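Everything on this sheet refers to the single structure shown next.
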Amino acid sequence: MSFREATPAQARVDLAAIRRNVELLKDRAPGAELMGAVKADAYGHGLVPVSKAVIEGGATRLGTAYVREGLALRAAGITVPVLSWILTPGEPLEEALLAGIELSASGAGRLEEVAAAARRTGRTAKTHLEADTGMSRGGAPLAAWPGLLAAAARLQAEGAIEVVGLWSHFACSDIPGHGSIDLQIDAYEAALKLAEQAGVSGSHVIRHLANSAAIVSLPRTHYDLVRPGIAMYGLSPIPEQGDFGLRQAMTLAARVALAKRVPEGSGVSYGHLYTTASESTLGLVPLGYADGILRHATGRAEVMAGGRRRQIVGRVCMDQFMIDVGDDPLDDGDEVILFGPGDGGEPTCQEWADNLGTITHEIVTRLGARVPRVYEGAGA
Ligand SMILES: *Cc1c(COP(=O)(O)O)cnc(C)c1O
């Protein structure tokens, strides 16, 4: 695929790859339901088209961080169960309940708010309770868990809520053998036992703990449902252990806006961090830090242009950066691949992350709204 429209840049998203990645993850967790994590605009890939592909690949549920992300799924006509797990005071919970969105609570405050919204709408709020099993991020800490369970049991008896999920999240599942992993599993088991004692359990209550890294490395944490994010997009959850057969879905491409010869000794871009060593051809690539190409990529990241790898030279600017192709041919409009699955020798997203000292999640989610997402491999 190449540019069908004359846009400066585009992110090509291979929906067939996403479907296959989801199938592969389902094979890894047989017997568990799969909730695709599509928060943050499906990790920058585009919420609605990706969510449809994720469902086609076998996900029976979707998960978002914000309630408004869940509402956006409903507005697009997506009807599978959706869970939204970050609630702040005063969110549109009535709207969420009327849209059939399941909500998560980590403490009595949000749980009471959810119940109040349920009373106002006349809908029973399908609620997931989050236990903090050792990450110290979301979730009720162990000391507060019995109180949360007691409140949930009371609100459930009243008919305001129905507890449909008991869940937690790993801090270090991407670090195989990390000492916290077994401790978190033990804490989760203890949390489940307390829920049973509080009468907040049963076969209809979904137990869920595993993110992508746990799906591929910790089969005993699959429980009733798994919650992959990064792996669905074909990016390895444990890069040190390879790609697990996943295929990167996103290719980021741009077109050279200007190719020009410059003399030896030309200082390039803000601050003149790079100077040409000889007469040379520079290419202007119309993507910058406003599009998520970190300023920090200067002198670190590579792109594919004219069939070869090229370094980003000089400062990355807001809307553009430069490459130096020496005496190789380069024309206005030529395609530059920043990253892709690697088939044509282009850098992968993992290479970008490694070169920038970050993780692939950050590379794809920072891709700006100005870059159109273009879809290929759509299902029937
Ligand atoms: C983002 C997220 C996931 C998915 O995590 P990955 O590591 O991308 O697989 C799962 N569960 C929760 C609660 C999350 O916030």
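Quick caveat, the model's predicted, so the values are computed rather than measured. When a ligand or atom number is given, it counts from 1 through the structure's own listing order. All values below were derived from every heavy atom in this structure, side-chain atoms included, with hydrogens, water molecules and symmetry-related copies excluded.
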How far is [atom] from its nearest protein heavy atom, and which residue and atom is that?
atom: atom 10 (C) of ligand 1; answer: Arg227 O, 3.3 Å
atom: atom 15 (O) of ligand 1; answer: Lys39 NZ, 2.6 Å
atom: atom 9 (O) of ligand 1; answer: Ser212 OG, 2.5 Å
atom: atom 7 (O) of ligand 1; answer: Asn211 ND2, 3.5 Å

Numbering as shown, the atoms of ligand 1 that approach [X] to under 4.0 Å (heavy-atom distance):
X: Pro228; value: 9 (O)
X: Ile230; value: 6 (P), 8 (O), 9 (O)
X: Trp167; value: 13 (C)
X: Tyr43; value: 1 (C), 4 (C), 5 (O), 6 (P), 8 (O)

Would you check if the distance from the ring center of His222 to the ring center of His208 is below 6.0 Å?
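No, too far apart.
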Please confirm whether the ring centroid of Tyr289 lies under 6.0 Å from the ring centroid of Phe321.
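Here the rings of Phe321 and Tyr289 have centres that are no less than 6.0 Å from each other.
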Does Leu25 share a hydrophobic cluster with Val364, counting links as ILVMFWY side-chain heavy atoms below 4.5 Å and allowing steps through other members?
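Yes, Leu25 connects to Val364 through the hydrophobic network.
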If you group Ile, Leu, Val, Met, Phe, Trp and Tyr by side-chain heavy-atom gaps below 4.5 Å, do Val163 and Met35 land in one group?
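No, separate clusters.
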Looking at Tyr223, Phe170, Trp145, which one forms a ring-ring contact (aromatic ring centres under 6.0 Å, His included) with Tyr188?
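Of all the options given, the one that passes is Tyr223.
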Based purely on interatomic distance, does Gly229 place a nitrogen or oxygen under 3.5 Å from a nitrogen or oxygen of ligand 1?
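N/O-N/O distance under 3.5 Å: yes.
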Ignoring hydrogens and geometry beyond distance, is a side-chain donor-acceptor pair present between Ser280 and Asp324 at under 3.5 Å?
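The answer is yes; a qualifying pair exists.
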A side-chain contact here means heavy atoms from C-beta on lying under 4.5 Å apart; do Leu103 and Leu97 qualify?
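A side-chain contact exists here, since the closest heavy-atom pair is under 4.5 Å.
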